[in-house]
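One structure is given below, encoded as structure tokens.
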Amino acid sequence: MSKTDKDSANSKTISVNKKASFEYTIDDTVETGIVLVGTEVKSLRLGRVNLSQSYADTDGNELYLYGLHIPEYKQAGQYFQHDPYRPKKLLLKRREINRLIGAIQKKGATLIPLSLYFNAKGLVKLKLGLATGKKQHEKREAVKERDWNRSKA
């Protein structure tokens, strides 16, 4: 087994963006770290997160994740709570950031989160996909193909 196979075997999935593969054509994927505060991590350990409306974008020379909803952790006091829609900084190497920024500037490309999980070390990781949007007729073809494969089985 390779290193990535071992990591995926020991990882715990928190959330998967099922809508992403239907709405977008995924060209490339990259694994990133994410900057979180304590109550966000505790809320993630309970499996409470919504990836469906989130996307990654640039702010200067950094990448941030916008629209990721991590609900408040109820057991923490009111003074220790986090903002549920706070932009989260993504942790990547400079070369990867520059490559992704160049791809985003290309017409029609966007960065969307595909899954959020804990790796073998217990760190929260985010799988980002470099994607282009599908047109309506492409979505219909995908539904037809899925139904055809289902009826064949």
* Asked: What pair of heavy atoms forms the shortest contact from P113 to N17, and how long is it?
  ->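 Closest approach of P113 to N17, heavy atoms only: O-ND2, 3.0 Å.
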
* Not counting sequence neighbours, which residues clear salt bridge (Lys or Arg N to Asp or Glu O under 4.0 Å) with R86? List them please. =>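 E40.
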
* What pairs with R94 under salt bridge (Lys or Arg N to Asp or Glu O under 4.0 Å), at least two apart in sequence or on another chain? ->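 Listed in chain order: E62.
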
Report whether [X] and [Y] are members of the same hydrophobic cluster (ILVMFWY, side-chain heavy atoms less than 4.5 Å apart, transitive linking).
| X | Y | value |
| --- | --- | --- |
| F118 | I34 | yes |
| V30 | Y117 | no |
| L130 | I101 | yes |
| V41 | L51 | yes |

* Does some side-chain heavy atom of L63 sit less than 4.5 Å from a side-chain heavy atom of I104? ->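 Contact flag for I104/L63 side chains = yes.
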
* Listed once per pair and sorted, the side-chain hydrogen bond (donor to acceptor under 3.5 Å, both in side chains) pairs that draw on residues 52-61, sequence neighbours left out ->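 Output for this query lists N50-S52.
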
* Asked: Who passes side chain to side chain contact (heavy atoms under 4.5 Å, CB included) against E141, sequence neighbours left out?
  ->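 E141 satisfies side chain to side chain contact (heavy atoms under 4.5 Å, CB included) with H137 once adjacent residues are dropped.
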
[atom1] of [X] to [atom2] of [Y]: how many Å apart, nearest 0.5 Å?
| X | Y | atom1 | atom2 | result |
| --- | --- | --- | --- | --- |
| L68 | L44 | CG | CG | 7.5 Å |
| L92 | I97 | CG | CD1 | 5.0 Å |
| L111 | L90 | CG | CG | 8.5 Å |
| T32 | E96 | OG1 | CD | 9.0 Å |

* **salt bridge (charged side-chain N to carboxylate O under 4.0 Å, His left out) assessment of K144 paired with D147** => CA-CA 5 Å; K144 284 180 188 177; D147 290 343; over 6 Å; no

* Asked: Can you list the steps and then say if E72 with T39 is a side-chain contact (heavy atoms from CB on, under 4.5 Å)?
  -> CA-CA 7 Å; E72 292 181 345; T39 54; over 6 Å; no

Partner residues of [X] under the side-chain hydrogen bond (donor to acceptor under 3.5 Å, both in side chains) criterion, sequence neighbours left out:
| X | result |
| --- | --- |
| Y64 | none |
| S115 | none |
| N98 | none |

* Could you note down all residue pairs passing salt bridge (charged side-chain N to carboxylate O under 4.0 Å, His left out) where residues 111-130 supplies at least one of them, sequence neighbours left out? =>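 The answer is none; no pair qualifies.
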
* Summary of salt bridge (charged side-chain N to carboxylate O under 4.0 Å, His left out) pairs that have at least one residue in residues 19-28, sequence neighbours excluded ->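 Those involving residues 19-28 are E23-K139, D28-R99.
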
Other than [X], what residues sit in its cluster of Ile, Leu, Val, Met, Phe, Trp and Tyr side chains whose heavy atoms are under 4.5 Å apart, directly or through others?
| X | value |
| --- | --- |
| I112 | Y24, I26, L114 |
| V16 | none |
| V37 | none |

* Between the side chain of S15 and the main-chain N/O of L116, is any donor-acceptor distance below 3.5 Å? ->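 Here the side-chain-to-backbone pair does not exist.
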
